[in-house]
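Please read the structure below before turning to the comments.
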Number of protein chains: 2
Amino acid sequence: MPSDPLSSTLAALAHPTRRAILARLAAGAATVKELSTPFRMSAPAVSRHLRVLEGAGLITRSREGQWRPCRLEAAPLREVCAWTDEFRPFWNRDSEPLDTWLQHLRKKATA
Amino acid sequence: MPSDPLSSTLAALAHPTRRAILARLAAGAATVKELSTPFRMSAPAVSRHLRVLEGAGLITRSREGQWRPCRLEAAPLREVCAWTDEFRPFWNRDSEPLDTWLQHLRKKATA
DNA sequence: CCATTATTTAGCCATGTCGTTAATTAACGA
DNA sequence: TCGTTAATTAACGACATGGCTAAATAATGG
């Protein structure tokens, strides 16, 4: 499993539950209990999702008495957006025409 | 494993080799062979990465004689950027102050 | 000290990933 | 038809994910 920062971030986001957790945390910090209830998921399951998010630097957790409030850390999302942004010129256009591929072949032939 | 479109896209992107393949395809279509050489990876390995990318709708493949040229399909990246964009207000600010959490506790106490 | 609440850890199981090599299928071209 | 090249599939191994329940760890508050 790749462990570079961007890969960790993307892998963490590649699960609907974890994205929903981040969306929830955008509205304010929350405890594990508060998160597990709406997602109809056991506390251990949520705890593990949180560990993944923490590993990706997408949340931080602190100790507040017996609670472990989670807070959103959205900075890694900037890198994700920056990466996709590189492809912005391609978002709206169809895949390149067949011509390009044929030119490519022709170039190899002459080489 | 989640199979919704956004999760598929993010999972496909969560591997440096696959991101590098997309970056390469931005410069034009390429065959499996052309992709496997620079990545010092066996053709089967690349073939499977391509399958993942295809499953996420990030590339399309056609048959051109004995070659299977891959072309970039960047549309799904738009959705990724759109999702992260929702968090743009949080990108540059520190995690919410502790105050918010304390208010949160106080609210529960009075409720 | 004991009961309660919050959270994590430990097992379990099924399934997916990611690389390899070896074998198979598809198409070309003399 | 035969040999070559391109690409996929099959099979393997090591390991991660994602859910569960049950048990262990913290901290609170009588």
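- Between B:His49 and C:dG19, a side-chain N or O to OP1/OP2 separation shorter than 4.0 Å is present.
- A donor-acceptor distance shorter than 3.5 angstrom exists from the side chain of A:Ser36 to the backbone of A:Val32, with no hydrogens or angles considered.
- When heavy atoms are screened at a 4.0 angstrom cut-off, B:Arg51 is found touching the sugar-phosphate backbone but no base atom.
- Summarising the geometry, atom OG1 belonging to B:Thr84 is positioned 13.5 Å from atom CZ belonging to B:Phe90; distances are rounded to the nearest 0.5 Å.
- The bend of the helix from C:dC1-D:dG30 to C:dA30-D:dT1, defined by the angle between the axes of its first five and last five pairs, stands at 10° to the nearest 10°.
- Checking A:Val52 against B:Lys33, the closest nucleotide of DNA chain D that is more toward the 5' end is the one next to B:Lys33.
- In this structure, the separation between CZ on B:Arg24 and CG on B:Leu22 is 11.5 Å, given to the nearest 0.5 Å.
- A distance of 8.5 Å separates CZ in A:Arg51 from CD in A:Glu54, rounded to the nearest 0.5 Å.
- For the contact set between residues 35-43 of chain A and DNA chain D, defined by any heavy atom under 4.0 Å, the members are A:Met41, A:Ser42.
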Q: Would you sort out whether B:Trp83 and A:Val80 count as a side chain to side chain contact (heavy atoms under 4.5 Å, CB included), showing the intermediate values?
A: CA-CA 10 Å; B:Trp83 191 85; A:Val80 173; over 6 Å; no
Q) Given B:Leu35 and B:Leu50, is the side chain to side chain contact (heavy atoms under 4.5 Å, CB included) satisfied, shown in steps? A) CA-CA 10 Å; B:Leu35 291 170; B:Leu50 293 174; 4.0 Å; yes
Q: Check the pair A:Val52 / A:Leu58 against side chain to side chain contact (heavy atoms under 4.5 Å, CB included), numbers first and verdict last.
A: CA-CA 9 Å; A:Val52 175; A:Leu58 286 163; over 6 Å; no
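- As a whole-Å value, the separation of A:Arg48 CZ from D:dT21 P is 13 Å.
- The distance from atom CG of A:Leu50 to atom P of D:dG19 is 12 Å, rounded to the nearest whole Å.
- Rounded to an integer number of Å, the gap from CD of A:Glu54 to P of C:dT8 is 9 Å.
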Q) Quick one: what's the B/S/- string for nucleotides 23-30 of chain C, heavy-atom cutoff under 4.0 Å, read 5' to 3'? A) ---SBS--
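- Judged by distance alone, the side chain of B:Thr37 and the main-chain N or O of B:Glu34 form no donor-acceptor pair under 3.5 Å.
- Between A:Leu13 atom CG and D:dG18 atom P there is a gap of 12 Å when expressed in whole angstrom units.
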Distance-only donor-acceptor pairs under 3.5 Å for side chains of residues 1-15 of chain A, two or more places apart:
{"from": "A:Asp4", "atom 1": "OD1", "to": "A:Ser7", "atom 2": "OG", "distance (Å)": "2.6"}
{"from": "A:Asp4", "atom 1": "OD2", "to": "A:Ser7", "atom 2": "N", "distance (Å)": "3.1"}
{"from": "A:Asp4", "atom 1": "OD2", "to": "A:Ser7", "atom 2": "OG", "distance (Å)": "3.0"}
{"from": "A:Asp4", "atom 1": "OD2", "to": "B:Arg19", "atom 2": "NH2", "distance (Å)": "3.0"}
{"from": "A:Ser7", "atom 1": "OG", "to": "B:Arg19", "atom 2": "NH1", "distance (Å)": "3.0"}
{"from": "A:Ser7", "atom 1": "OG", "to": "B:Arg19", "atom 2": "NH2", "distance (Å)": "3.1"}
{"from": "A:Ser8", "atom 1": "OG", "to": "A:Asp4", "atom 2": "O", "distance (Å)": "3.1"}
{"from": "A:Thr9", "atom 1": "OG1", "to": "A:Pro5", "atom 2": "O", "distance (Å)": "3.0"}
{"from": "A:His15", "atom 1": "ND1", "to": "A:Thr17", "atom 2": "N", "distance (Å)": "3.2"}

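- B:Leu53 contributes atom CG, which lies 8.5 Å from atom SG of B:Cys70 (distance to the nearest 0.5 angstrom).
- Nucleotide C:dT15 holds its P atom 16 Å from the NE2 atom of A:His15, rounded to whole Å.
- Atom P of nucleotide C:dT7 and atom CG of A:Leu53 are separated by 16 Å, given to the nearest angstrom.
- Checked against salt bridge (Lys or Arg N to Asp or Glu O under 4.0 Å), B:Arg78 has no partners two or more places apart in sequence or in another chain.
- Contacts between residues 16-23 of chain A and DNA chain C, counted as heavy-atom distances below 4.0 Å, involve no residue at all.
- Other residues, nucleotides and ligands contribute over 12 non-hydrogen atoms within 6.0 Å of the CZ atom of B:Arg63.
- In this structure, OG on A:Ser47 lies 8.5 Å from CZ on A:Arg68, to the nearest 0.5 angstrom.
- Expressed to the nearest 0.5 Å, how far CD of A:Gln66 lies from OG1 of A:Thr31 amounts to 10.0 Å.
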